[in-house]
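What follows is a short report on a single structure.
The structure displayed is predicted, hence computed values, not measured ones. In this chain, residues are counted from 1 in sequence order. Remember, it's 1-based here, ligands and their atoms both numbered in the order they're listed.
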Amino acid sequence: MDALDGMSSRKTTRPTCEQFRHSFEEYDHIVNVLRASTGHRPSLAIICGSGLGGLADLLTDTDSIEYDDIPFFPISTVHGHVGRLVFGMLNEVSVVCMQGRFHFYEGWAMQNIAIPVRVFKLLGVQTIIVTNASGAVNPDYKVGDIMLIKDHINLPGMIGANPLMGLNDARWGPRFPALSLAYDRQLLQLARKVALGIGFGEDLREGVYMMVSGPTFETVAEARAGRILGADCMGMSTAPEVIVAKHCGMRVLGISLITNIIIQQYDRDDEPNHQEVLMIGQQRAANMQLLVAEVVKQIGHQA
Ligand SMILES: O=P(O)(O)O[C@@H]1C[C@H](O)[C@@H](CO)O1
């Protein structure tokens, strides 16, 4: 075998950087399947966080589609995440709700976590409301507080796990998108006004969400590091969805429910757990739902 033989075989075994990515045409196929399953044409999407799936129960005139029945979709594996898209009307706005999301710690690639966001884009969605449960590291925060997300720190992204890694298809957005305006200022202002109007007080916060990969809850040192880096709360989702939404030009509102205070002292004997997260989600579900429903109504009026 001479040197040229070696080169040609290298060419045919060239690795692809598109391993986890679906083509625009595959997304089109998903959208066609969904459009054949529902008459709704949503302009707004809502991603329900842990324990917050009840948001989808607010919708009327619904069509539900299990993730299992949607081509290329991952499936939900986490307790508290049902695993279906619910299309319907909320305060006269046509919306689609993700009742259950995908997490990095479940083993999905970052690119796959955000598949639904691109599907929403092709369905005509312009605005996305991303909710989550998180633990607070800001010492002023209390369990049950609701934090409007003004910014995030994408810890997995900063060390090499960003959903936009790989070849960029310019039909979605630019190669190097800016994120300094990821959380839409007008939506933040609207949500603040709505929250105060429906009776939120000191339990309304605005702060920085830090994404960690999970599934482990934080060590004391990690929690302290999060705080030092500028986080008000820490959670295991949201950043990939927000990045992909912003990349393709959607307006983003993020809302986090503080379900626990992350332990930052070495003399504590208690530990966080997922049951507690779901329980606080249930307890605060009504307030969260009221807030989201009212924000959606106002967005509808502005349209
Ligand atoms: O889907 P979210 O981010 O709301 O879920 C949080 C993070 C983990 O999945 C889980 C931990 O209890 O809740």
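Each of F73, W172, F72 was compared with Y27 under the ring-ring contact (aromatic ring centres under 6.0 Å, His included) criterion, and only W172 meets it.
A salt bridge links D203 with R284: the distance from a Lys NZ or Arg NE/NH1/NH2 to an Asp or Glu carboxylate oxygen falls below 4.0 Å. A salt bridge does not link K297 to E92: none of the charged nitrogens lies less than 4.0 Å from a carboxylate oxygen. A salt bridge between E241 and K121 is absent, with no side-chain N of the basic residue lying under 4.0 Å from a carboxylate O of the acidic one.
Numbered from 1 in the order shown, with element, the atoms of ligand 1 that lie under 4.0 Å from a heavy atom of N132 read 3 (O), 4 (O). Atoms of ligand 1 found under 4.0 Å from any heavy atom of G49 (numbered from 1 in listed order, with element): 4 (O).
Checking only distances, R101 does come within under 3.5 Å of ligand 1, N or O to N or O. Polar contact with ligand 1: present for S50 (N/O pair, distance under 3.5 Å). Ligand 1 has no nitrogen or oxygen under 3.5 angstrom from a nitrogen or oxygen of V277.
Residues satisfying the side chain to side chain donor-acceptor pair (under 3.5 Å) criterion with Q282, sequence neighbours excluded, are absent altogether.
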